[in-house]
Amino acid sequence: MSDRSVDLDALAAKAAAGDEKALNELLGAVEPEIAARCRRILPHPHDAEEAAQDALLAVARRISTFEGRSKFSTWLYRVSSNSSVDTYRRLKRRWVEQQQSDQLPEFEAAARTSVIAGTRIDLLDALDQLDSRFAEPVVLRDVQGLDYAAVAEALDLPVGTVKSRIHEGRRQLQYLLRDG
């Protein structure tokens with residue numbers, strides 16, 4: 001993994017500097033990893049695929065903001081997590097709008113809101129209610145599987161602050177999932 005990280009970091013640096021060939025190579029290299037990360041958050045394959053495509057677009061659009069202060073893989077975790085949560089919110093909003101309308105949903109529309117039937121709906125709803133100061137570290141640690149140091153690096157925070165926010169986020173999630 002470390003050799004691969006070095007390669008990704010080098011590609012990311014070149015892509016951030018405007019090298020289009022490096023960007024295309026980078027996107028090809030990270031596509032499977034982004035898809036896997038999105039599937040960890042969104043249980044329905046179509047939803048995860050949509051989030052992964054959005055994450056790839058976000059990487060392409062925002063690569064110039066990658067400064068190399070942290071590993072590219074850490075930056076990528078944040079982009080893919082945010083994309084998954086944004087996709088969930090968008091799909092949930094569509095589903096709520098359909099429920100409030102008098103029209104029956106079309107088959108295509110029903111397929112696009114399939115995340116609502118997913119097994120993690122209660123967790124995603126609870127995360128959506130948390131302040132991002134707590135939700136983001138919890139997602140990076142507990143869903144994406146980053147260690148505390150990597151979460152701290154991704155969020156540009158001290159490890160102690162990250163641990164505190166994860167503790168508080170878990171406490172709030174427990175309350176929301178139990179009583180919410």
Side-chain angles (χ1 to χ4, degrees), residues 1-43 45 47-90 115 120 123-124 126-173:
M1 175 96 176
S2 61
D3 291 341
R4 187 170 172 267
S5 295
V6 172
D7 292 340
L8 288 180
D9 288 337
L11 276 176
K14 288 179 184 178
D19 184 332
E20 197 169 316
K21 182 179 177 190
L23 175 61
N24 288 332
E25 191 176 336
L26 181 67
L27 292 174
V30 300
E31 184 176 10
E33 193 171 335
I34 286 177
R37 289 178 184 166
C38 291
R39 282 191 301 271
R40 286 185 197 138
I41 295 174
L42 296 167
D47 302 334
E49 183 179 324
E50 182 175 330
Q53 292 302 313
D54 289 346
L56 286 169
L57 283 172
V59 169
R61 289 182 183 142
R62 297 182 193 148
I63 192 65
S64 64
T65 67
F66 177 68
E67 298 172 347
R69 291 183 299 151
S70 63
K71 290 182 180 181
F72 175 74
S73 60
T74 304
W75 185 80
L76 191 63
Y77 269 108
R78 194 168 187 185
V79 170
S80 60
S81 295
N82 288 343
S83 179
S84 296
V85 171
D86 289 346
T87 298
Y88 167 75
R89 287 179 179 149
R90 186 173 55 253
V115 71
R120 297 184 188 154
L123 175 61
L124 293 172
L127 282 168
D128 201 30
Q129 293 177 50
L130 286 185
D131 184 297
S132 64
R133 291 177 303 145
F134 304 118
E136 198 167 13
V138 168
V139 168
L140 290 172
R141 173 75 179 127
D142 294 342
V143 178
Q144 295 292 345
L146 290 179
D147 62 28
Y148 289 106
V151 174
E153 187 179 350
L155 300 177
D156 197 23
L157 294 169
V159 173
T161 302
V162 165
K163 287 181 177 181
S164 173
R165 289 185 182 180
I166 289 171
H167 175 76
E168 179 60 20
R170 287 173 178 165
R171 188 189 67 73
Q172 289 182 20
L173 280 173

Subject >> Distance (rounded to the nearest 0.5 Å) between Asp47 CG and Arg90 CZ >> reply: 9.5 Å

Subject >> Rounded distance [0.5 Å steps], CG in Leu173 versus CG in Leu130 >> reply: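 The CG atom of Leu130 is 4.5 Å from CG of Leu173, to the nearest 0.5 Å.
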
State, to 0.1 Å, how close [X] and [Y] come at their nearest heavy-atom pair, and which atoms those are.
{"X": "Val159", "Y": "Ala152", "result": "CG2-CB, 3.8 Å"}
{"X": "Lys163", "Y": "Tyr148", "result": "CG-CD2, 3.6 Å"}
{"X": "Ile166", "Y": "Pro137", "result": "CG1-CB, 3.6 Å"}
{"X": "Ser80", "Y": "Ala55", "result": "CA-CB, 4.1 Å"}
{"X": "Ala22", "Y": "Ala15", "result": "CB-N, 3.9 Å"}
{"X": "Ala51", "Y": "Ser84", "result": "CB-CA, 3.8 Å"}

Original post:
Picking from Leu76, Thr74, Asn82, what satisfies side chain to side chain contact (heavy atoms under 4.5 Å, CB included) with Arg78?
Top reply: Asn82

**OP:** Please lay out, stage by stage, how Val59 and Phe66 fare under the test side-chain contact (heavy atoms from CB on, under 4.5 Å).
**Re:** CA-CA 9 Å; Val59 169; Phe66 177 68; over 6 Å; no

Below 4.0 angstrom, N of the basic side chain to O of the carboxylate: do [X] and [Y] qualify?
{"X": "Arg171", "Y": "Glu168", "answer": "yes"}
{"X": "Arg141", "Y": "Asp147", "answer": "no"}
{"X": "Glu25", "Y": "Lys14", "answer": "no"}

Within the 4.5 Å heavy-atom criterion, are [X] and [Y] side-chain neighbours or not?
{"X": "Asp86", "Y": "Asp54", "result": "no"}
{"X": "Leu26", "Y": "Phe72", "result": "yes"}
{"X": "Thr161", "Y": "Leu155", "result": "no"}

**OP:** Evaluate side-chain contact (heavy atoms from CB on, under 4.5 Å) for Glu153 paired with Leu146, printing each intermediate quantity in order.
**Re:** CA-CA 10 Å; Glu153 187 179 350; Leu146 290 179; over 6 Å; no

**OP:** Determine, stepwise, if the pair Val139 / Phe134 fulfils side-chain contact (heavy atoms from CB on, under 4.5 Å).
**Re:** CA-CA 9 Å; Val139 168; Phe134 304 118; over 6 Å; no

**OP:** Show your reasoning for whether side-chain contact (heavy atoms from CB on, under 4.5 Å) applies to Arg165 and Asp131.
**Re:** CA-CA 10 Å; Arg165 289 185 182 180; Asp131 184 297; over 6 Å; no

Original post:
Going through the checks in order, is the salt bridge (Lys or Arg N to Asp or Glu O under 4.0 Å) test met by Asp19 and Lys21?
Top reply: CA-CA 6 Å; Asp19 184 332; Lys21 182 179 177 190; over 6 Å; no

**OP:** Return yes if some donor-acceptor pair links the side-chain N/O of Ser81 with the main-chain N/O of Tyr77 below 3.5 Å, else return no.
**Re:**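 Yes, the answer is positive, given that a donor and an acceptor are paired below the 3.5 Å cut-off.
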
**OP:** For Glu49 and Gln53, test the side chains for any donor-to-acceptor distance below 3.5 angstrom and give the result as yes or no.
**Re:** no

